[in-house]
Amino acid sequence: MAAASSPSPTFASQSTSPSPRPAFLFNRPFLPSPSNLSFSSRSFSSSPLAPLRCFPFRRTAITVPCASAEVSSSAKAFRGLCYVVGDNIDTDQIIPAEHLTLVPSNPSEYAKLGSFALCGLPSSYTTRFVSPGATKTEYSIIIGGANFGCGSSREHAPVALGAAGAVAVVAESYARIFFRNSVATGEVYPIEVEDRVCQECQTGDEVSVLLEEGGGRLINHRTGKEWKLNPIGDAGPVIEAGGIFAYARKTGMIPSEA
Amino acid sequence: MAASTTISPSTSFVANKNELGFSGFVTSRLPSAKRFGGGKPGRKVVAVMAPPQKAERMPATTGSVKNAMTMTEKIFAKASEKPKLSPGENVWVNVDVLMTHDVCGPGSFGIFKKEFGQNAKVWDREKVVVIPDHYIFTADERANRNVDILRDFCKEQNIKYFYDITDLSDFKGVCHVALAQEGHCRPGEVLLGTDSHTCTAGAFGQFATGIGNTDAGFVLGTGKLLLKVPPTLRFVLDGEMPNHLLAKDLILQIIGEISVAGATYKSMEFVGSTVESLNMEERMTLCNMVVEAGGKNGVVPADATTFEYLKDKTTKRYEPLYSDGSARFLSEYRFDVSKLEPLVAKPHSPDNRALARECKDVKIDRVYIGSCTGGKAEDFLAAAKVFLASGKKVKVPTFLVPATQKVWLDLYTLPVPGSGGKTCSQIFEEAGCDPPASPGCGACLGGPKDTYARMNDAKVCVSTTNRNFPGRMGHKEGQIYLASPYTAVASALTGYVTDPREFLQ
């Protein structure tokens, strides 16, 4: 085994901020972006379903093309181009194992993970999620079939999607570890839909995802079709709190940061 | 499928539909005055203990009709310190062991430090087990750096169980097999790992499942995790195990039956006379692929076989838990194992089940025997059995990757029954296999390009591993047929997918 003459290992958190992290960082359910990982202070709306993307932040250092997810002021809707996949998209297709040496909590490697998002899809997917040479995706919403995210427990999977610029996945069902990781990291919003939308949408369609009390709607602006979305279910309180750590602090399970 | 005498899922035993409904979040509180994760001195714990419920007898000893629970429910109840609970409830569970490896460890440690502070200490230095196993025989710099990260963290935290790879006496191999061999799997406990095949440990009658980095970071600081109690699917496997079948065939049968999402969010309980006849490693194979059916965890009731295996491996006290007689299961599936036949899972899904004999025209390029699923000592002994019965040489490159150091040593020392004292390694050499490689995950998941036996071209491979989605072993157009060690060897001997009954009578 080759001895590594590697630089001393770093954690993303070492480079900046004092510890512990300010509580308000976690009021926001989903806020992944490389700049966030340097833990600069930010303030967030207190709405339970706060904007899933703070768009100006995501825009920094992005090469064209990139996902343009419009975030409405009500913070419960997002609109962008969709990328359609089929059933049983497993974690090896989302992020092939050879890229797992990238550590998600390291900002530059986080970005690199994004560039490899969904690169494991077979070549039958002629339009790639991230264009060759690009680091970000044009498609902010992924539309899937059944059992999305099956396979490994690697958190790199939702992280890669989020790092690439996806804000949400709308699928018929999810594998549980992927769903859990999506909620825990806040990287992509895992939304459930009853209908076979992956057969009624095409990659490149402009769609809107509206999250409402008791569910929501998916709208395809090209076809005009609309579908009902399932309510978020048990994950709701955890997402609303801002992730597992925030939820634990809120419910007194771990000390609040003070 | 002709041989299948499986009965379709019987009606559920759920007496009251509401019992399986969501009862919302249960926010149990901390015991008083316990500090979590350290951090700044003088930090007060905000949580206080709610008035304790009058805990009657422990769930395990209840055995009564009133609060009948399945094994998994009982483990949850014990771990969350509740006298009873039902599927669908979300509870904070105490974790007995947290395992991580070189792929997810660095990320988990990063999150732990970010959330609990740079100077935070893990909740219990004896309950964290760190096992580098995925990318450890590679020149890839980042992979090597990741092992360094593990080492630095373990040194700083004084982690008791860090199986480093620099000192070969410490090095173990594939985490799930090492966990068992080192005595970290115990009945009745909760074991979480940053790897989906952590469910393997369910073979010991414990709750074991895979989690991501963020959850692991949380556990590192608190020793707890919020988990939803899963309902249980029961699989009753009866009948004498034919001599051409292995546990791999049984689990492929089941996954083919219920599909890759058939057990999503559910527990899979394996009982029956066949299960009782399996040794621990075969039980591990059974539970290992629970995740391939979407399962949250798999369990096999602990029995004499379990206790015997554990005797020389752990001195920790454990308390086996068992499903109550009147426990409610979501569904029950019954199999007459004596009627089953060797199977494969064809590309590109673990539920793409087919009879091995019906794939005999599929020409193959290589065979891979290894991984937590099919690289244990029992798997290699099984492989040796077929080579012995045949006496011939392989027709395609046959890669052997023992899961752990211990397995590797076993290959070179254990005599194979009926061989006149030969070891597995001798039998494999005579058959023309590649020499056993360094223990680890190997090419099961592809990995860095220089990984041994990685599929770098579009080839057809029969493998004893656990997944065959596109690109799993490296090349996107590679075709992987999942199979038992018997079937893998039979296929190596003919150069086609082959039913092992061609050699085993």
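Scope of the values below: all heavy atoms of this structure, side chains included, with no hydrogens, waters or symmetry mates.
The shortest non-hydrogen separation linking A:S153 to B:S196 is OG-N, 3.1 Å. Of all the heavy atoms in B:A143 and A:T101, the pair that sits closest is CB-CG2, 3.7 Å.
Between A:D90 and B:R467 there is no salt bridge, since no side-chain nitrogen of the basic residue lies less than 4.0 Å from a carboxylate oxygen of the acidic one.
Atoms CG and OG1, from B:N213 and A:T185 in turn, are 9.5 Å apart once rounded to the nearest 0.5 Å. Within the model, atoms OG1 of B:T222 and CE of A:M253 stand 8.0 Å from one another, a figure rounded to the nearest 0.5 Å. Interatomic distance, OG of A:S105 versus CD1 of B:I149, reported as 7.5 Å (0.5 Å rounding). Expressed to the nearest 0.5 Å, how far CG of A:N88 lies from CG of B:N352 amounts to 11.0 Å. Note that CZ of B:R472 is 7.0 Å distant from OG of A:S152, once rounded to the nearest 0.5 Å.
Note on A:R176, A:R180, A:R154, A:E98: by heavy-atom pairs under 4.5 Å with chain B, the leading option is A:R176. Comparing A:V159, A:D92, A:N147, A:N181 by heavy-atom pairs within less than 4.5 Å of chain B, the highest count is held by A:N147. Residue with the most contacts toward chain A among B:D102, B:L225, B:N466: B:L225 (heavy-atom pairs, distance under 4.5 Å). When A:A157, A:G151, A:G120 are compared by the number of non-hydrogen pairs under 4.5 Å with chain B, A:G151 comes out ahead. Ranked by heavy-atom pairs shorter than 4.5 Å toward chain A, the options B:T264, B:V147, B:V260 are led by B:V260.
Ring orientation note: the planes of B:W92 and A:Y247 are close to parallel, at an angle under 30° on the 30°/60° scale.
Heavy-atom distances place the side chain of A:I177, and not its backbone, under 4.5 Å from chain B. Residue B:T198 does not touch chain A at all, counting heavy-atom pairs closer than 4.5 Å. Interface remark: A:S123 contributes backbone and side-chain atoms alike to the contact with chain B (heavy atom separation under 4.5 Å). The parts of A:A248 that come within reach of chain B are both its backbone and its side chain, each placing non-hydrogen atoms under 4.5 angstrom from that chain. When heavy atoms are compared at a cutoff of 4.5 Å, B:N146 approaches chain A solely by way of its side chain, counted from C-beta outward. Residue A:L102 touches chain B through both its backbone and its side chain, counting heavy-atom pairs closer than 4.5 Å. At a 4.5 Å heavy-atom cutoff, the contact between B:K449 and chain A is made by side-chain atoms alone. Using a 4.5 Å cut-off between heavy atoms, A:H99 does not touch chain B at all. With a 4.5 angstrom heavy-atom cutoff, B:V291 touches chain A only via side-chain atoms. Both the backbone and the side chain of B:L227 have a heavy atom closer than 4.5 Å to some heavy atom of chain A.
Donor-acceptor pairing under 3.5 Å is lacking for the side chains of A:E155 and B:T194.
Between the B:K476 side chain and the A:Q93 main chain, no donor and acceptor come within less than 3.5 Å of each other. For the pair B:R142 (side chain) and A:V103 (backbone), a donor-acceptor distance under 3.5 Å is absent.
For the pair B:T214 and A:F245, the minimum side-chain heavy-atom distance is below 4.5 Å.
For B:Y265 and A:Y174, the ring centers are positioned 6.0 Å apart or more.
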